[in-house]
Protein chains: 2
Amino acid sequence: MGRTVTIRDVAALAQVSVGTASRVLSGSPATSAAARERVTAAARRLGYRPNAQARSLRSTRTHTIGLLVSDVRNPFFADVAHAAEQAALAAGYVTLLANANEDTRQQDTYLETFLFQRVDGVIAAPQGAGGGDLASLVERGVPLVFVDRTVEGFEVPSVTADNDSGTREAVAHLARRGHTRIGYIGGPTSISTGRLRADAFVRAIAEHGLDPDPALIAHGDFMSASGGRCADALMSVPRPPTALLIADSPMAIGALTALRRRRVRIGTDVDLVAFDDVEWLSELDPPLSVVAQDAAAMGRAAVRLLFDVIGGRTPESVVLPTRLIVRRSSSGAAPEPAPEPVPAQGPAPAAPAPAPAPKPPSPSKGRP
Amino acid sequence: MGRTVTIRDVAALAQVSVGTASRVLSGSPATSAAARERVTAAARRLGYRPNAQARSLRSTRTHTIGLLVSDVRNPFFADVAHAAEQAALAAGYVTLLANANEDTRQQDTYLETFLFQRVDGVIAAPQGAGGGDLASLVERGVPLVFVDRTVEGFEVPSVTADNDSGTREAVAHLARRGHTRIGYIGGPTSISTGRLRADAFVRAIAEHGLDPDPALIAHGDFMSASGGRCADALMSVPRPPTALLIADSPMAIGALTALRRRRVRIGTDVDLVAFDDVEWLSELDPPLSVVAQDAAAMGRAAVRLLFDVIGGRTPESVVLPTRLIVRRSSSGAAPEPAPEPVPAQGPAPAAPAPAPAPKPPSPSKGRP
DNA sequence: ATCCTCCATGGAAACCTTTCCATGGAAAGC
DNA sequence: GCTTTCCATGGAAAGGTTTCCATGGAGGAT
């Protein structure tokens, strides 16, 4: 392997001092053309690569950001992570990936690690009350930005989706379809999106004068299996709901599986709307209506905000709009025969309601 | 923010030398109980956090690994990344995430960055001929492990799936179903899995005496959109295929969308089998038959191999088995009425063929 | 021609830790 | 009781870079 080549070697070959070599290599203006020429040539010739550790030891800048999500396997966070990582790279920053797995302890482990690694900033989809290491971060003045979620009591810029309007839009859509008993599968209350969406749901139900039966509200953990459990629970109450609003896509998949096992026909017996848009949700059986949020935009915005904070500014939080996309899981179109059944109508705040007539939960097995 | 607390402060408070403090904090055995006690107390009291940069500058160990995948938004790589990251964490390593986006230039950018960051090792799903920085890595002796893919001419331990047997199993299954013209949507030939699976496909077709028409082979780029383009292309040849084998799940989604647009009924007009298992593929319309590979096991194995390399050993490459899971997209079961249609038969190398009778590409619209 | 200014340069300190080496003291062995 | 061994400790060097400070030379202004 040989000794690694240092700036000293470059300086020697270029016949300048290490100081000059450093200035040239880090693009300081105080250099002569001659020196620039010789140093860059020497560096190239030796295949010199600056040592990031040494550099950041001296300059206290690591050009590293920490990205804490709950789980990259959740397609929503995969999108966020991908977008954030690419945006960071474009600015010369590398990204430390952390999967907290919706676990406060793992979250703390990672925040510790970020501190240890002296990251220049942290983008986090936080979990829990934010007592532990989240507090240490702000205390130590580590630039911090929240994405997707927030934590109460933290004065931290954030990028979130408009949970309230998204939820209302979905409920309004289902109400127009004639549903009065709408079930809700939400996330844990220890997560802001879990709380906000649930609250918005309750308010929207009230506004539309629908059945506020608390038995119609279930709380999962944003992961697939819990979606199935919640769907089973909701369908087991005396008068089961005729429509379901689900707070994220993994739980929607879980619910879908559970419902199928129960022989519940989605879009026919029960309407379904889920949060998060993912390409393949439109390829499901049936295609899923969704409250879409632009995860990539979220990731990019988070990076932008973080760089603002790093730069000493105090950016405003960003709330991104959501957008209801109605597909067959909540449009009651005929499942198979109809070609191109519903032309995937886009933002449809006041779309023409196909059939405002109440649709009783028909337990009949025959095709309509 | 105040000055950050260093080991010097800890030593001062504990009334020992920095040397002793260092030894205690890094767990050297050459310390007295008294010193251990005083130093740890002081460190806790001051909230001391070692500076990873300084530490690794001296010890040339960064406890960081680089993980280069093509795109975390691909659920397969999301699984790999998640598993690898968690396994690394368990060993006290942090993971630098890199999305090469199937782009050789971005790949090189990242490998440069890894070099710059002095990662202790790299796990890569490599792309291209591996001329550029991949070579620099091995040249500089950076521990390297390939995952999912390999590059010819590189003596690098790898974790891959058994592409050959997976492909054969899928083709055998389709052949048993009576298909003679099977279409193939593969990846780019610049990627080993793209080449290997395509080669295996061609061989399997020959072995079964099926139609080796080269017009039935299309090459995408492993990303969703290309799956659609390829499906369109394949269905446009004079005598279109009656079954499709697709080399990864994003392209399968793209193909599914394209086929649906063409009013091709999957599992009826055309059978479909795709590589990669992902939970929701079984929730698609229809549920997709897959050649499943255990992405999480791959990620974990890659980390294990990498630690072996870091530890100076030379581990054997690992080839993980694949497993054909037949679902409705290639089992011709009645789509809706039949409850629990096919009990998702597991590894079925010699499963009872449902109907060895050739099934002509019936353009009839009637249900069987 | 002289002085001043400016600027590129070299040298050295600083960043924070680990690790090597020497030292001193205590325990152990004769 | 004296020597040897062992081991915890302190001090200092080393790791590679950036940055500060001083210096010297060149060019411009008077």
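To find a chain, count down the sequence lines: A is the first, B the second, and so on, and within it residues start at 1.
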Return the polar atom pairs (N/O with N/O) between nucleotides 9-13 of chain C and the protein under 3.5 Å, or none.
| residue | atom | partner | partner atom | Å |
| --- | --- | --- | --- | --- |
| C/dT9 | OP1 | A/Ser32 | OG | 2.5 |
| C/dT9 | OP2 | A/Ser32 | N | 3.1 |
| C/dG10 | OP2 | A/Ser17 | N | 2.7 |
| C/dG10 | OP2 | A/Ser17 | OG | 3.0 |
| C/dG10 | OP2 | A/Thr20 | OG1 | 2.7 |
| C/dG10 | N7 | A/Arg23 | NH2 | 3.1 |

## Note on the structure
Residue set satisfying ring-ring contact (aromatic ring centres under 6.0 Å, His included) with B/Phe307, at least two apart, ordered chain then number -> B/Tyr93
### Message
Restricting to side-chain contact (heavy atoms from CB on, under 4.5 Å), what partner residues turn up for A/Ser17, sequence neighbours left out?
### Response
A/Thr20
### Message
With each end axis built from five pairs of C1' atoms, what bend angle do you get for the helix from C/dA1-D/dT30 to C/dC30-D/dG1? Round to 10°.
### Response
40°
### Non-neighbouring partners of B/Arg304 that pass side chain to side chain donor-acceptor pair (under 3.5 Å), sequence neighbours left out
none
### Task
Mind checking side-chain contact (heavy atoms from CB on, under 4.5 Å) for B/Ser317 and listing every partner two or more places apart, or none if nothing turns up?
B/Pro157, B/Ser158
### Message
Whole angstroms only, please: what is the CG-P distance between A/Asp9 and D/dG15?
### Response
11 Å
### A/Arg49: side chain to side chain donor-acceptor pair (under 3.5 Å) partners, not counting sequence neighbours
B/Glu112
### Summary
Across all chains, not counting sequence neighbours, the side chain to side chain donor-acceptor pair (under 3.5 Å) partners of A/Thr113 are none
Identify all side-chain donor-acceptor contacts of residues 68-76 of chain A below 3.5 Å with residues at least two apart in sequence or on another chain.
| residue | atom | partner | partner atom | Å |
| --- | --- | --- | --- | --- |
| A/Ser70 | OG | A/Glu102 | OE2 | 3.3 |
| A/Asp71 | OD1 | A/Arg73 | N | 2.8 |
| A/Asp71 | OD1 | A/Arg73 | NE | 3.1 |
| A/Asp71 | OD2 | A/Arg73 | NE | 3.2 |
| A/Asp71 | OD2 | A/Arg73 | NH2 | 2.9 |
| A/Arg73 | NE | B/His82 | ND1 | 3.4 |
| A/Asn74 | OD1 | A/Phe76 | N | 2.9 |

### Query
Any donor and acceptor pair, going by atom type alone, linking the side chain of B/Asp133 with main-chain N or O of B/Ser136 inside 3.5 Å?
no
#### Entry: Set of residues satisfying side chain to side chain donor-acceptor pair (under 3.5 Å) with respect to A/Ser26, sequence neighbours excluded
none
### Listed once per pair and sorted, the ring-ring contact (aromatic ring centres under 6.0 Å, His included) pairs that draw on residues 12-52 of chain B, sequence neighbours left out
none
### Query
Quick one: is A/Thr4 getting a side-chain N or O under 4.0 Å of the D/dG16 phosphate, OP1 or OP2?
yes
### Query
In whole Å, what is the span from the CZ atom of A/Arg8 to the P atom of D/dA14?
11 Å
### Query
Do we see a donor-acceptor contact under 3.5 Å between the side chains of A/Gln127 and A/Gln106?
no
### Query
Taking CD1 from A/Ile7 and P from D/dA14, how many angstroms apart are they, rounded to a whole number?
19 Å
#### Entry: Close approaches to DNA chain C from residues 39-57 of chain A, in residue order (heavy atom, under 4.0 Å)
A/Leu57
### Query
In whole angstroms, how far is the P atom of D/dT17 from the NE2 atom of A/His63?
15 Å
